[in-house]
Amino acid sequence: MIRNGTLGAIALTMLGVVAAAHNGATGVVMERMMGMSAMRDVMRDLAPMMQGQVPFDGITVQEAAAVLQSHAGDQMLALFPEEPIPASSFAKPELWQKWDRFAALSAELKLYSEGLAVAAANGLEAPVPMAAPEAGTDSMAGMDHSTMKMATEPEKFSVAELMGVSKRAAAATGQSGELAVASDLPAGPQFAAMAADDVFERISQTCASCHSQFRNGN
Amino acid sequence: MITGDAYRGAYLARTSGCIACHTNAAADGAALAGGAPLDTPFGTFVPPNLTPDPVGGIGGWTLDQFAVAVRQGVRPDGKALYPAFTYEFYADFSDQDIADLWAAFQTVPPVAEAAADHDLMFPFNMRWGLKLWRAAFMSPAVISPVFGKSEAWNRGQQLVTGAAHCAACHTGRNMLGGLQADEALAGNANLPGGSAAPPILASVLAAKGWTVSNMAYALRTGVMPDGDVFGGSMAEVVQAGTSFLDDADRAAIATYLLALPAGVAAPDIPVADAGTPAMVHTPGMVME
């Protein structure tokens, strides 16, 4: 143990960020940490684009979505074999006790990543909904860039949503993990009607939801 | 008599964590019908049922009794409330704020079943001991606008040091559990469940790549500048709290935090919270 610790310390000093990032993990733990880190890098690169700070590029988003897909769902689950958790790992043992929930979150991530690839074509604007009779000529005429962007911004929440009486409709964020098992799954066609940044936010909610339950802080 | 505005109250309740703590969302519990148990070194606190039910909830309370509980942490029977309820951060709520909250609470369907009792270890289960704790350690938030600072900064100060109670987790405590005045927002390594909240001082945040805009974004989505997402209790703060705020309020929080000079304490930040390591060694708790 001591020897490992010392080696670990040397490795940390020498390899700096790389070793530190994975806490000296080996084997399957190392593998899943690398997968997670690959997803982190994707999120880091996409976030400025999703906020409109750098120009939107649908191809980049599709490639990023493919990276997420390759680390989600069953691929992710395969890297969490039930075993005593080594010191290098930040996983919580609860993930095996609540495996259904863990698996649902992993499946949800896969679903949303697929959805991101679809919604990438839309950029930051949801396509004008088919049924929008209220959008009369005067509101169309007044549409400039800022009102267009507003359409994808989360709506103000209702009193019932704020008080927790009804679930958030607009962002559908709070209920991560239940979506994947619910019957009203947003299937392909709905993603085609969503702005890319909305799908991106669902992805981040899924990461956060799983981490808050099954990952220890460092 | 002030008329409350349910929308403003609902927004304030969301901002202040009333909904997050008093609703057991993980167990699909009804809104405000009682929260998930908070594990602390002193035992388990169960945030009570706050629905307008006269038996299970607070339907039998008056507005004045509600005001005293929220701003001063005292129950209608005169007993003190445990600081696991973050009332110290709400001390500066105006009469209008309280009336708004009250109006919003009336919109929630009543639930007749009371929440479970706390399960606290002796001597922490002695509610009267709290009077002594209060005398020694209570630090109610007093927030005064600072002239010469922007509107966003002042709004941010109000949210960070008051309603949104960021310091509840991000400020450490000394051996006696008191506020480390010069370490406000300098992080806390001893949150319940063994987790840690990092410092959120401007110098530290800036070094990690935080800006007003990416922090406002993180408070909405959980995505940090390096692409990782918030974990632990911060994920819940975002999910059940800051993601509901207006963009302007998230930007205000970020503006205030990123403008705090290093080593200078934010004024009047109270420290008690669910973690309340504060209570471990307090005179009120160790005296018979």
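Throughout, protein chains are lettered first and strands after them, A, B, ... in sequence-line order, and every chain is numbered starting at 1.
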For this session: Please check if any side-chain donor atom of A:R202 sits under 3.5 Å from a side-chain acceptor atom of A:Q205, or the reverse.
Result: no

Exercise. So among B:F93, B:W61, B:W102, which one has a ring pair (Phe, Tyr, Trp, His ring centres under 6.0 Å) with B:F66?
Worked result: B:W102

Exercise. Which bit of B:F230 is near chain A, if near means a heavy-atom gap under 4.5 Å: side chain, backbone, both or neither?
Worked result: backbone

Exercise. Given a strict heavy-atom distance threshold of 4.5 Å, which part of B:P225 is in contact with chain A: side chain, backbone, both, or neither?
Worked result: backbone

For this session: Go through the atoms of B:S213 and report whether side chain, backbone, both or neither lie under 4.5 Å from a heavy atom of chain A.
Result: both

Exercise. Counting heavy-atom pairs under 4.5 Å to chain A, which of B:G227, B:A31, B:G222 comes out on top?
Worked result: B:G227

Exercise. Given a strict heavy-atom distance threshold of 4.5 Å, which part of B:A13 is in contact with chain A: side chain, backbone, both, or neither?
Worked result: side chain

Exercise. Would a distance-only check, ignoring hydrogens and angles, find a side-chain to backbone donor-acceptor pair under 3.5 Å from B:T23 to B:A25?
Worked result: no

Exercise. Relative to each other, are the rings of B:H22 and B:F85 parallel, tilted or perpendicular (30° and 60° limits)?
Worked result: perpendicular

Problem set entry | Salt bridge A:D45-A:R40, side-chain N to carboxylate O under 4.0 Å | no

